[in-house]
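Numbering of residues begins at 1 and proceeds along the displayed sequence.
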Amino acid sequence: MQFKTSSLAPALNYFPTLKPPHKTLAFHQFSVLIITFLAYASFHASRKPPSIVKSVLGPTIQSNSSSADTGWDPFNGPHGAHRLGELDLAFLSAYSIGMYFAGHVGDRIDLRLFLVFGMMCSGILTIFFGLGYWFDVHLLGYFMAVQVLCGLVQSIGWPCVVAVVGNWFEKEKRGLIMGVWSSHTSVGNIIGSVVASGVLEFGWGWSFVVPGVLVILVGILVFLFLPVSPEDLGFESLVKEIQMNVEINGIGIWREKWNQRKQVFLEQRMQMSIQLVSYTFLYWLPFYIRHTAVAGVHLSHKTAGNLSAIFDIGGVFGGILAGLISDMIEARAVTSIAFLLLSVPALVFYRVYGSLSMVANILLMFLSGLLVNGPYSLITTAVATDLGTQTVIRGNSRALATVTAIIDGTGSVGAALGPLLAGYISTTGWNNVFLMLIFAIFCATLFLIRIARTEIKGNLNEGKWSLYSIGTQ
């Protein structure tokens, strides 16, 4: 490994005795994974409070506790569930729109500074939402405005962290690496659930303030220690760039661009469907648990919030398992389809039998999280980074931020629709909400079939799926 005398990472500016020759590439790759993992986990931790406090802000229910729920105007009226769904729509619509701009901006400025800016603003705006508790704010417009602004700055996170990780890792075995790394989403949800639920008894405002402070603290860590690319530490680039002559190879380039655009189109539609499912659980699962008796008993706000973390714990294992399987069979779309199809009976069982006992609820929620979030983690990371390092894009590896933003930005349209529809449909019965989720899963499966067919043909033609090759993997 050769070293260059290029600029060093931010951490080395503070600790000049640490020079690249004394650090291995593997050490820095591990550090990048940890820092970006914490960064995006903190983003998701700050997204979790709205779902935790829904049962506190929303319509009242008869509780087994000594004091009745009172809710918080303007969310506690007969249309409270609708208002809460509209609040989710405000955040996720802004997030979806902001994603397109964030990807383009991330390609043109320092990714580290851009990411830190997004984290600081996200933390401050999350705190602002919580301040509505102490200042006794009951204006829907205030909460809407905070959520819109927060959605815009939160859109900075995903394209930045994926682009940085894409700079540090080559394509080989990326499925497993991304499967483990992408558990940041579920881990962030778990942290957000536990933290927000833990301080809920002191007032729902604390459920926003503490995660907001967490994002700011992790943002400081990112500013001090995150190197954007190997070149920042004096290593050679890990992305094999090629020089293209557009005048000579124009036809081939445009053909490759067209094929990639078709794949991006399919990924966008799949993302839209699967994010509808994932974000509906993210924003409504604690509310559902609170309003659905388990073994004949309505759980407390805190217990419902903590219990919802089981879904994300299943998602951690699902992301790792999906990444491992996809690397073994070298077919990510096939792996995703298998997980999605199995998630349908899992959701049905959870709806039908999840209320029988606490054990049944936990086991079926864990299984649902594993099967739903497995393909979600796989597609949003490994496939996005693969597309971003195709030959047409590799002339500028940081264009990965744009590619990732396009895929996830379109997918976020589904993320915005899911919680909104859940807010309206839940008033007609939760069975209808689960039917909506199952329909979205089937749509996601249909969009993956073409990609899966290409994977199957390729593996069969190359002999990768012979009995011998499978047995030696």
Residue pairs passing the salt bridge (charged side-chain N to carboxylate O under 4.0 Å, His left out) test where at least one lies in residues 412-422, sequence neighbours excluded: none
Short side-chain to backbone donor-acceptor contact, Lys302 and Leu200, under 3.5 Å: no
Trace of the side-chain hydrogen bond (donor to acceptor under 3.5 Å, both in side chains) decision for Ser229 with Trp168: CA-CA 6 Å; Ser229 66; Trp168 280 91; 5.9 Å; no
Lys NZ or Arg CZ of Arg112 over Phe223 ring: under 6.0 Å, within 45°: yes
Verdict with reasoning, Phe339 to Ser343, per side chain to side chain contact (heavy atoms under 4.5 Å, CB included): CA-CA 6 Å; Phe339 272 68; Ser343 71; over 6 Å; no
Ile156, Val215, Leu217 screened by side-chain contact (heavy atoms from CB on, under 4.5 Å) with Met119, the one that passes: Val215
Phe281 and Phe434 aromatic ring geometry - parallel, tilted or perpendicular at 30°/60° bounds: perpendicular
Pairwise side chain to side chain donor-acceptor pair (under 3.5 Å) hits with a residue in residues 309-319, at least two apart: Asn189-Asp312
Trace of the ring-ring contact (aromatic ring centres under 6.0 Å, His included) decision for Phe143 with Phe75: CA-CA 11 Å; Phe143 297 109; Phe75 306 109; 5.7 Å; yes
Whether Lys54 side chain and Tyr283 backbone form a donor-acceptor pair below 3.5 Å: yes
Ring geometry between Phe287 and Trp284 (parallel below 30°, tilted from 30 to 60°, perpendicular above 60°): perpendicular
Check: Ile289 main-chain N/O paired with Thr292 side-chain donor or acceptor under 3.5 Å: no
